[in-house]
Chemist: 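Quick one: structure below, then a few questions.
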Amino acid sequence: MNSRILHADPQLPRTGGAQQAQRQAIDVAVGILIRADGSFLLTTRPPGKAYAGYWEFPGGKLEAGETVAQALARELNEELGLTLEAAAIRPWRQQLVDYPHALVRLHFCKVHAWRGQPQMREGQQHAWQTLPVQVAPVLPGTIPVLQWLQEQAREKPPAAPPAKPAHRYSNNSGMR
C-alpha cells in the first residue's frame with residue numbers, strides 16, 4: 001500500500017471529524033479494465049454522488065464479508081453489466097484518499113478479461129482512454145493511477161523485433 005495519504009481538496013472541511021484519525025476508512029474495490037490495445041475504461045461518477053461528473057476507474061464499496069475481488073465483480077456487474085471471473089482480477093496497488101466527504105482506501109485491481117460490453121446503468125458516461133487521458137475533470141483518487149500507468153509504460157522495455165523465420169535444411173537433391 002502507498003503509505004502516503006492523498007488529501008483531496010484540503011481547503012474544504014471534512015465530515016466525520018476534522019482529523020484523519022477520527023474518520024473510519026471505507027474500503028473500495030476499483031477496476032482498471034485494460035483492453036488488448038492498451039486502452040482503459042473510465043466512467044463518470046453518477047449524478048447525486050460526491051464529485052458527480054468526475055471521471056474515475058469504476059468500482060465500489062466492499063460489503064461486509066466481501067473480498068476485494070468479490071466486491072469488484074459485484075460492482076462492475078451492477079453498474080456496468082460486466083461479468084468478471086475472480087481469476088481475471090489482479091490486485092495491483094492501494095491508495096488512501098482523504099476526501100471531504102469520506103476517507104477511502106482504494107484497492108486498485110487490473111482486469112484484462114471480462115464478458116459483456118459496458119452498459120451505463122447509473123446514468124454515468126464511459127470512455128476508453130489512453131495516456132494522456134482526454135477527459136476531464138478527473139477524480140483526485142484517479143490521478144495517482146494515471147501516474148503509475150505512465151511510470152509503468154516508461155519502464156516497460158520496447159517490444160522485441162519479430163523473429164526471423166527459421167531456415168529449414170532441405171535435402172532437395174532429387175534422390176529418393
Side-chain angles (χ1 to χ4, degrees), residues 1-2 6 8-9 15-16 23-153 156 159:
M1 175 161 156
N2 185 350
L6 173 63
D9 296 318
T15 58
R23 302 170 82 200
Q24 186 71 13
I26 299 167
D27 287 295
V28 176
V30 183
I32 304 167
L33 279 68
I34 304 171
R35 296 194 299 196
D37 67 0
S39 61
F40 48 85
L41 183 67
L42 291 178
T43 60
T44 55
R45 298 213 16 105
K49 290 195 176 182
Y51 291 90
Y54 278 67
W55 291 87
E56 67 177 350
F57 291 97
K61 297 176 192 171
L62 275 69
E63 292 182 355
E66 276 187 320
T67 65
V68 170
Q70 290 168 336
L72 186 59
R74 177 185 49 75
E75 286 285 345
L76 269 55
N77 185 267
E78 290 173 2
E79 294 178 9
L80 306 176
L82 299 176
T83 302
L84 277 62
E85 300 297 330
I89 300 170
R90 303 278 183 225
W92 186 41
R93 297 193 183 189
Q94 292 181 26
Q95 176 70 55
L96 193 61
V97 183
D98 183 10
Y99 286 106
H101 68 284
L103 179 65
V104 295
R105 183 178 300 107
L106 302 172
H107 300 264
F108 295 103
C109 300
K110 288 187 176 182
V111 182
H112 291 274
W114 58 88
R115 289 194 307 273
Q117 294 296 319
Q119 306 163 25
M120 301 298 105
R121 295 179 169 176
E122 295 185 348
Q124 71 273 48
Q125 298 176 38
H126 78 285
W128 291 99
Q129 296 286 293
T130 56
L131 296 170
V133 297
Q134 302 300 308
V135 295
V138 176
L139 191 67
T142 297
I143 294 170
V145 181
L146 299 175
Q147 293 168 340
W148 297 333
L149 290 171
Q150 185 67 48
E151 290 168 8
Q152 237 181 10
K156 190 175 183 181

Chemist: With a 4.5 Å heavy-atom cut-off, do Gln94 and Arg105 have their side chains touching?
Modeler: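 Counting from C-beta outward, Gln94 and Arg105 do come under 4.5 Å.
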
Chemist: I need the Arg74 CZ to Leu62 CG distance, nearest 0.5 Å.
Modeler: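 Spacing of CZ (Arg74) from CG (Leu62) equals 7.5 Å.
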
Chemist: Do Tyr99 and Ile26 come close enough that some side-chain heavy atom pair is under 4.5 Å?
Modeler: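 Not in contact.
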
Chemist: Between CD of Gln95 and CD1 of Ile143, what distance do you get to the nearest 0.5 Å?
Modeler: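 Answer for the CD-CD1 pair, Gln95 versus Ile143, is 11.0 Å.
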
Chemist: Any side-chain heavy atom of Val111 within less than 4.5 Å of one from Leu72?
Modeler: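 Side chain of Val111 against side chain of Leu72, heavy atoms only: contact under 4.5 Å found.
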
Chemist: Please report the closest heavy-atom contact between Ala52 and Pro47, naming both atoms and the distance.
Modeler: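 In terms of heavy atoms, the two residues are closest at CB-CA, 4.0 Å.
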
Chemist: Begin from the C-alpha positions of Val145 and Leu106 and carry the test side-chain contact (heavy atoms from CB on, under 4.5 Å) through to its verdict.
Modeler: CA-CA 11 Å; Val145 181; Leu106 302 172; over 6 Å; no

Chemist: At their closest point, which heavy atom of Ala102 faces which heavy atom of Arg23, and how far apart are they?
Modeler: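 Heavy atoms only, the tightest pair is N-NH2, 2.9 Å.
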
Chemist: Quick one: pull up CG in Leu80 and CD in Glu122 and give me the separation to the nearest 0.5 Å.
Modeler: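 The CD atom of Glu122 is 8.0 Å from CG of Leu80, to the nearest 0.5 Å.
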
Chemist: Any sub-3.5 Å donor-acceptor pair from Thr15's side-chain atoms to His101's backbone N or O?
Modeler: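 Answer holds: yes.
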
Chemist: Checking side chain to side chain contact (heavy atoms under 4.5 Å, CB included) against Trp114, which of Ile89, Leu41, Leu84 comes through?
Modeler: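 Only match with Trp114 under side chain to side chain contact (heavy atoms under 4.5 Å, CB included): Leu84.
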
Chemist: Heavy atoms, side chains only, cut-off 4.5 Å: are Pro144 and Leu6 in contact?
Modeler: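 Sidechains of Leu6 and Pro144: in contact.
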
Chemist: What's the verdict on side-chain contact (heavy atoms from CB on, under 4.5 Å) for Trp55 and Val133, showing C-alpha distance, side-chain angles and the deciding distance?
Modeler: CA-CA 10 Å; Trp55 291 87; Val133 297; over 6 Å; no

Chemist: Using salt bridge (Lys or Arg N to Asp or Glu O under 4.0 Å), reason through Glu85 and Arg115 one step at a time and then give a plain yes or no.
Modeler: CA-CA 9 Å; Glu85 300 297 330; Arg115 289 194 307 273; 2.7 Å; yes

Chemist: At what distance, to the nearest 0.5 angstrom, does CH2 of Trp128 lie from CD1 of Ile34?
Modeler: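 Output value for this atom pair is 9.5 Å.
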
Chemist: So, for Pro118 and Leu82, which heavy atoms are closest and what is the spacing to 0.1 Å?
Modeler: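 Shortest heavy-atom contact: N-CD2, 3.7 Å.
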
Chemist: Can you give me the closest heavy-atom contact between Ala88 and Ala113, atom names plus distance?
Modeler: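 Result for this residue pair: CB-O, 3.6 Å.
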
Chemist: Heavy-atom distance under 4.5 Å between the side chains of Pro140 and Tyr51, does that happen here?
Modeler: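 The answer is yes, as the side chains (C-beta and beyond) meet within the 4.5 Å cut-off.
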
Chemist: Please evaluate residues Arg121 and Glu78 with respect to the criterion side-chain contact (heavy atoms from CB on, under 4.5 Å), reporting the C-alpha separation (whole Å), side-chain torsions for both, the decisive distance (0.1 Å), and the verdict.
Modeler: CA-CA 7 Å; Arg121 295 179 169 176; Glu78 290 173 2; 5.8 Å; no

Chemist: I want to check something: taking the side chain as every heavy atom from C-beta on, are Asp27 and Lys61 in contact at a cut-off of under 4.5 Å?
Modeler: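 They are not in side-chain contact.
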
Chemist: Out of curiosity, Glu75 CD to Glu66 CD, how far, rounded to the nearest 0.5 Å?
Modeler: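 Taking CD in Glu75 and CD in Glu66, the distance rounds to 7.5 Å.
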
Chemist: Answer yes or no: are there more than 12 heavy-atom neighbours, outside Glu151 itself, under 6.0 Å from its atom CD?
Modeler: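 Check passes, neighbour count above 12.
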
Chemist: Please report the interatomic distance CD(Gln134) to CD(Gln129), rounded to the nearest 0.5 Å.
Modeler: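 Reported value, rounded in 0.5 Å steps: 6.5 Å.
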
Chemist: Can any side-chain N or O of Glu79 pair as donor or acceptor with the backbone N or O of Asn77 at less than 3.5 Å?
Modeler: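 No: the side chain of Glu79 does not pair with the backbone of Asn77.
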
Chemist: Please work out which of the three classes, parallel, tilted or perpendicular, describes the rings of Phe108 and Phe57, given edges at 30° and 60°.
Modeler: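 Correct class here is perpendicular.
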
